[in-house]
Engineer: 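First the structure, which I've put down as structure tokens, then a few questions once you've had a look.
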Protein chains: 2
Amino acid sequence: MLDERSKSVLLAVIQCHINSPGPVGSRAVTKKYPFGLSPATIRNIMSDLEEMGFLAQPHTSAGRVPTDLGYRYYVDTLKDDNHFTNNELVTELNKKLEVIRQDINTVFDEASRMLSSLSHYIGISVSPNAATSTLSKIELIKYRENQLAVIMFTDEGIIKNKVITIDPELSQSNLNRIAEYINAQHTGHTVEEIKEKVIRDLSQDRLRCDDLISQAVRICRDIFSSSPGNVYISGLSEVLQLPDFCDIDKIKELLRAIEDKHIILRLLDQISEAAGMQIFIGSENPLEEMKNLSMVVSTYREGNRPIGAIGIIGPTRMNYQQAITIVASTANYITDMLSNK
Amino acid sequence: MLDERSKSVLLAVIQCHINSPGPVGSRAVTKKYPFGLSPATIRNIMSDLEEMGFLAQPHTSAGRVPTDLGYRYYVDTLKDDNHFTNNELVTELNKKLEVIRQDINTVFDEASRMLSSLSHYIGISVSPNAATSTLSKIELIKYRENQLAVIMFTDEGIIKNKVITIDPELSQSNLNRIAEYINAQHTGHTVEEIKEKVIRDLSQDRLRCDDLISQAVRICRDIFSSSPGNVYISGLSEVLQLPDFCDIDKIKELLRAIEDKHIILRLLDQISEAAGMQIFIGSENPLEEMKNLSMVVSTYREGNRPIGAIGIIGPTRMNYQQAITIVASTANYITDMLSNK
DNA sequence: ATTAGCACTCGATCATGGAGAGTGCTAAAC
DNA sequence: GTTTAGCACTCTCCATGATCGAGTGCTAAT
């Protein structure tokens, strides 16, 4: 569909544009990438590329700017080549990652900060959705007259608190019985599975020991009701340095896109359903607010099951190669952390 | 120092300036606040006020703008009058506060969001510093080979997790003994006090039961080592709507001021040492980055002891009256929550 | 098929000038 | 003595227009 020469020109234009913002002209291309062709020829090729939808002209007699489609083509060739093992970057990254090893519970916060500091774009990460985590242990602690603290430990080592209001009559010893029951019967299953199973099993028993059981059912329903992961977003100040966000409206647009963590959470949850890396370029983004931004995300896994996602949000004029490297490495690192320990 | 008439003019100028940005001229003052004086007279008075440092002129033949000193004077009269019981606002506020009643552990996050949505400035809040909280219960749960989860409950009902790396030999039953010891001897004291006491007491015992005790000392040191409160900051998107942040540099400045949560944390910790409300106007701010912003903060208390702070950050051209009302009410609300339950 | 040359277009930058807002000063009015 | 009207002056803001430079598209020559 695209002959070799046009392809090189397209990639050259994109490379130029990533290096410095603003439309890129035919002469600039010949200077940076000496094909042995004159600017006039490049102009003709660029004109063809525009017709095919890979480039666009902000106005007559400006240079060309890659379209979302152009970037898509570029990113796809990057993936094919997958020579995106920029070694210096990977070692710097691993050095930084080493530092955050310690505690899986803080790794997601750290990861978002790291993603942004390395890429100079927005770093996002979401801790695993409890619903898909496998429970390893649960503790129920009555710490106030009518309040119960639920402490859940997942197989990945994540600790999650939850406060539930309970009948003041309910004693700690009865809570212990409920906790023991859950621990004995259900650890190793995902919270989603447990919720169904526990409620089903207990409901069958209801005929026998009515009062405690019915309370237990209610508590379990609360315990295992959805408790989404946390979203961590960093790097606003990084991104404001970029020339891409030089005017107020761009900034407002960006903020509108990332201000509501719930939206980002839902987005990443959705992405987490498919494994591996995904790249959304401009208008490809599922979110209207992000149609002028790009997003590079990857899921991380526990075993083979993807349980969460991390990524980078930046301008469509993004250094995709670098972003892909950073996101992929970080995701792998988290996957390792979740599996090894 | 300031005769009654000059004072009214100053307050009028400030009021005008708060209502709409930009320098305010003598004619505008006479229109909005008919003193029965002509613009020329007002001009003379404003000239005097400038000489005294309450007003400033961006350039010859522009109107006047209040200086930090001018705002300081204004705020002080507000406090004297303390007629800042804007009733509609207070009821709206209480209605919103009612909603977040539920769980003290999420109230600080909610509070920052609420502060910003009501004031349209940046809302900040910090959860209590664990060091000054009184411990009501502690649980030590070994959940991995060499990892210990510490769950601390404070008298205010706050739950705090911490992960500590331990010797894999240390058994759950020994951990239980340590927890029991702490719970029996030390609840009701602040974490700070406990840290000292436990380590002192245990160290004395060291002669007897060496191995367990020395491990216990190490663990307690980790448990009770400083674990600062969390900082919650909201409202960036609110504040970008304001005309005060219409240019890029202002925004960058603002972001530089609030991007590092650790700095805000230290600032609010410092503020928490004195009770009550504090207002920092422009250059009065302890932080260099905030010398063009204002901050209205109040501590909240547990009993009589201030244990944390919440507040609002906005432009020096801030609606102080409203901000004071919002911050004071919210702080009171949190204080109530901490005391009643 | 490629290239050199040239006219043309458009944005960015800068100087110009008039309008408007607001001041400071002075002299008159109260 | 205080207040006010009047007026000249200053400064910002905005629209206008000229110039410059980058880059294109087209045509004719290679």
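Throughout, protein chains are lettered first and strands after them, A, B, ... in sequence-line order, and every chain is numbered starting at 1. Quick note: numbers below take in every heavy atom, side chains included, and nothing from hydrogens, waters or symmetry partners.
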Engineer: Using a strict heavy-atom distance below 4.0 Å, which residues from residues 5-30 of chain B are in contact with DNA chain C?
Structural biologist: B:Gly25, B:Ser26

Engineer: If you round to the nearest 0.5 Å, how far is CG of B:Asn44 from OG of B:Ser38?
Structural biologist: 8.5 Å

Engineer: Relative to the 5' end of DNA chain D, which residue comes earlier, B:Leu37 or A:Gln57, by the nucleotide with the nearest heavy atom?
Structural biologist: B:Leu37

Engineer: Whole-Å distance between D:dA22 P and A:Lys31 NZ?
Structural biologist: 9 Å

Engineer: So which of residues 41-53 of chain A are in contact with DNA chain C, with a heavy-atom cut-off of under 4.0 Å?
Structural biologist: A:Thr41, A:Arg43, A:Asn44

Engineer: State the SG-CG distance between A:Cys246 and A:Leu240, to the nearest 0.5 angstrom.
Structural biologist: 11.0 Å

Engineer: To the nearest 0.5 Å, what is the distance between CG on B:Leu49 and NZ on B:Lys7?
Structural biologist: 12.5 Å

Engineer: Can you measure from CD1 (B:Ile326) to OG (B:Ser116) and round to the nearest 0.5 angstrom?
Structural biologist: 10.0 Å

Engineer: Does the side chain of B:Ser294 come within less than 4.5 Å of B:Tyr71's, by heavy atoms?
Structural biologist: no

Engineer: Should the pair B:Asp68-B:Arg72 be classified as a salt bridge under the 4.0 Å nitrogen-to-oxygen rule?
Structural biologist: no

Engineer: Quick one: which of A:Ile324, A:Ile310, A:Thr325 gives a side-chain contact (heavy atoms from CB on, under 4.5 Å) with A:Val296?
Structural biologist: A:Ile324

Engineer: Can you tell me which residue pairs pass the salt bridge (charged side-chain N to carboxylate O under 4.0 Å, His left out) test with a partner in residues 23-35 of chain A, sequence neighbours excluded?
Structural biologist: none

Engineer: Let me confirm one number: the CG-OG distance from A:Leu37 to A:Ser26, rounded to the nearest 0.5 Å.
Structural biologist: 11.5 Å

Engineer: Step by step, work out the salt bridge (charged side-chain N to carboxylate O under 4.0 Å, His left out) result for B:Asp249 and B:Lys252.
Structural biologist: CA-CA 5 Å; B:Asp249 290 329; B:Lys252 285 191 182 170; 5.2 Å; no

Engineer: Using a cut-off of 4.0 Å between protein heavy atoms and nucleotide atoms, how would you tag nucleotides 7-21 of chain C 5' to 3' with B, S and -?
Structural biologist: --BSS----------

Engineer: Which of residues 240-249 of chain B sit near DNA chain C, with a heavy atom under 4.0 Å from it?
Structural biologist: none

Engineer: Under the side-chain hydrogen bond (donor to acceptor under 3.5 Å, both in side chains) rule, what pairs show up with a residue in residues 49-60 of chain A, not counting sequence neighbours?
Structural biologist: A:Glu50-A:Arg64

Engineer: If we only count heavy atoms from C-beta on, is the A:Leu10 to A:Leu2 side-chain gap below 4.5 Å?
Structural biologist: yes

Engineer: Which of parallel (below 30°), tilted (30 to 60°) and perpendicular (above 60°) describes B:Tyr74 and B:Tyr320?
Structural biologist: perpendicular

